[in-house]
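One-based numbering, in listed order, for ligands and for the atoms of each. What you see below is based on every heavy atom in this structure, not just the backbone, and it leaves out hydrogens, waters and symmetry mates.
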Amino acid sequence: MSIILETRNLKKVYANHNVVLDGINVQVKKGEVVVILGPSGCGKSTFLRCLNGLEDIQGGEILLNQKVLNLQKDWHDVRQKVGMVFQNYELFPHMNVLENILLAPLKVQKRKRSEVQEKAVEILARMGLKDKLYAMPKQLSGGQKQRVAIARALCTNPEILLLDEITASLDPEMVKEVLDIVLELAKEGMTMIIVTHEIKFASLIADRILFFEGGRVLADMAPDNFFSQKENERIKRFLNIFDFQ
Ligand code: ADP
């Protein structure tokens with residue numbers, strides 16, 4: 001399978017000299033679901049933000065479809081191909097659901113309204129939100145808002161989707177409705193990098209687990225291997241917190 005996204009020796013250092021990513025080497029193949037786990041503050045979210053051009057980087061390379069990105073120039077194109085969903089939905093509060101979804105396809109991608117609107121309605125229907133087309137974000141539950149945010153990302157036809165703690169702000173009863181949609185997307189072959197604390201979900205969905213600590217990839221392994229880890233004391237300690245084993 002072809003590699004869609006790759007980082008080589010990726011470094012992120014904040015202005016306060018805080019080295020947050022200390023040489024990350026990762027490859028993601030088409031159709032793969034990679035889950036990033038690790039303790040709070042280890043750089044998971046920063047890594048995703050770097051992949052979507054929301055952070056500048058201080059070293060290394062990012063490759064999309066095996067082409068090294070020119071980080072000064074290419075972000076406009078990259079964001080068309082790399083979709084991202086955030087913990088706090090990031091919907092525009094003054095726009096209804098459909099307007100939120102159509103904004104980037106019409107204004108940035110310059111696609112035809114009729115084509116995009118048809119697609120938006122189809123995706124919203126799949127998400128169980130067909131009756132919410134004209135609802136404002138404040139009229140929606142957290143789970144509904146997050147489903148709209150996923151629909152918005154999908155409507156730009158991304159080649160890869162980055163999900164950053166997308167259930168972390170949700171009440172427990174809404175977590176499942178969002179995770180079920182992500183499981184569906186995985187079955188359909190969507191390439192994804194997922195940061196989550198939902199460890200059971202991670203074990204169900206991941207083709208590979210990356211374990212981050214201190215801005216480095218401490219382990220890159222198949223989920224079976226990760227979740228039944230007997231040797232690596234650090235991973236065992238991490239899993240013990242979740243009472244997983
Ligand atoms: P995680 O997602 O694994 O919890 P983050 O990527 O959010 O970790 O943060 C990694 C580290 O980067 C943390 O120590 C955090 O305090 C630091 N950090 C995040 N944003 C900034 C910033 N804008 N300036 C300085 N340090 C930051």
Side-chain angles (χ1 to χ4, degrees), residues 5-28 32-62 69 71-72 75 78-79 82-90 142 145-146 149-150 153 158 160-170 172 175 178-179 182 191-203 205-221 223 226-227 229 232-244:
L5 192 98
E6 180 173 358
T7 66
R8 292 183 185 158
N9 204 22
L10 181 69
K11 294 201 171 148
K12 172 73 197 170
V13 185
Y14 280 110
N16 55 3
H17 306 292
N18 189 2
V19 179
V20 177
L21 299 175
D22 194 9
I24 304 281
N25 295 299
V26 166
Q27 293 184 337
V28 181
E32 222 179 4
V33 178
V34 173
V35 172
I36 305 180
L37 299 174
S40 186
C42 68
K44 306 180 292 295
S45 182
T46 303
F47 180 62
L48 292 193
R49 293 170 61 78
C50 287
L51 298 181
N52 198 33
L54 296 171
E55 302 283 352
D56 57 355
I57 63 174
Q58 279 64 51
E61 290 174 335
I62 301 173
L69 298 182
L71 300 174
Q72 315 302 326
W75 282 122
V78 171
R79 291 216 188 94
V82 182
M84 185 148 175
V85 183
F86 302 88
Q87 176 175 339
N88 294 319
Y89 333 120
E90 311 270 341
K145 275 189 258 203
Q146 198 54 294
I150 295 170
I160 181 167
L161 205 51
L162 312 176
L163 306 182
D164 189 9
E165 295 264 22
I166 62 167
T167 58
S169 300
L170 298 178
V175 169
V178 171
L179 294 186
V182 182
T191 312
M192 291 186 276
I193 307 181
I194 302 175
V195 169
T196 184
H197 283 123
E198 297 287 337
I199 207 90
K200 182 89 200 317
F201 167 71
S203 74
I205 201 167
D207 293 313
R208 250 165 65 217
I209 302 282
L210 302 182
F211 184 74
F212 273 39
E213 185 163 66
R216 290 167 181 259
V217 181
L218 213 74
D220 179 348
M221 53 176 76
F226 183 84
F227 289 107
Q229 193 51 233
N232 187 317
E233 288 302 324
R234 181 62 194 98
I235 295 174
K236 277 165 63 182
R237 249 190 303 132
F238 178 79
L239 290 173
N240 275 338
I241 299 169
F242 295 94
D243 222 3
F244 188 81

Peer 1: Could you state the interatomic distance from CD (Glu165) to OG (Ser40), rounded to the nearest 0.5 Å?
Peer 2: 8.0 Å
Peer 1: Could you measure the distance from the CD1 atom of Ile193 to the NZ atom of Lys44? Nearest 0.5 Å is fine.
Peer 2: 14.5 Å
Peer 1: Salt bridge check, Glu198 against Lys200: does any charged N sit closer than 4.0 Å to a carboxylate O?
Peer 2: no
Peer 1: Contact residues of ligand 1 with a heavy-atom cut-off of under 4.0 Å?
Peer 2: Tyr14, Asn16, Asn18, Val20, Pro39, Ser40, Gly41, Cys42, Gly43, Lys44, Ser45, Thr46
Peer 1: Under a 4.0 Å threshold between the charged nitrogen and the carboxylate oxygen, would Lys12 count as salt-bridged to Asp56?
Peer 2: yes
Peer 1: Only counting residues at least two apart or in another chain, list the ones meeting side-chain contact (heavy atoms from CB on, under 4.5 Å) with Asn88.
Peer 2: Ser169
Peer 1: Tell me which one of Leu21, Leu51, Val28 satisfies side chain to side chain contact (heavy atoms under 4.5 Å, CB included) with Thr7.
Peer 2: Leu51
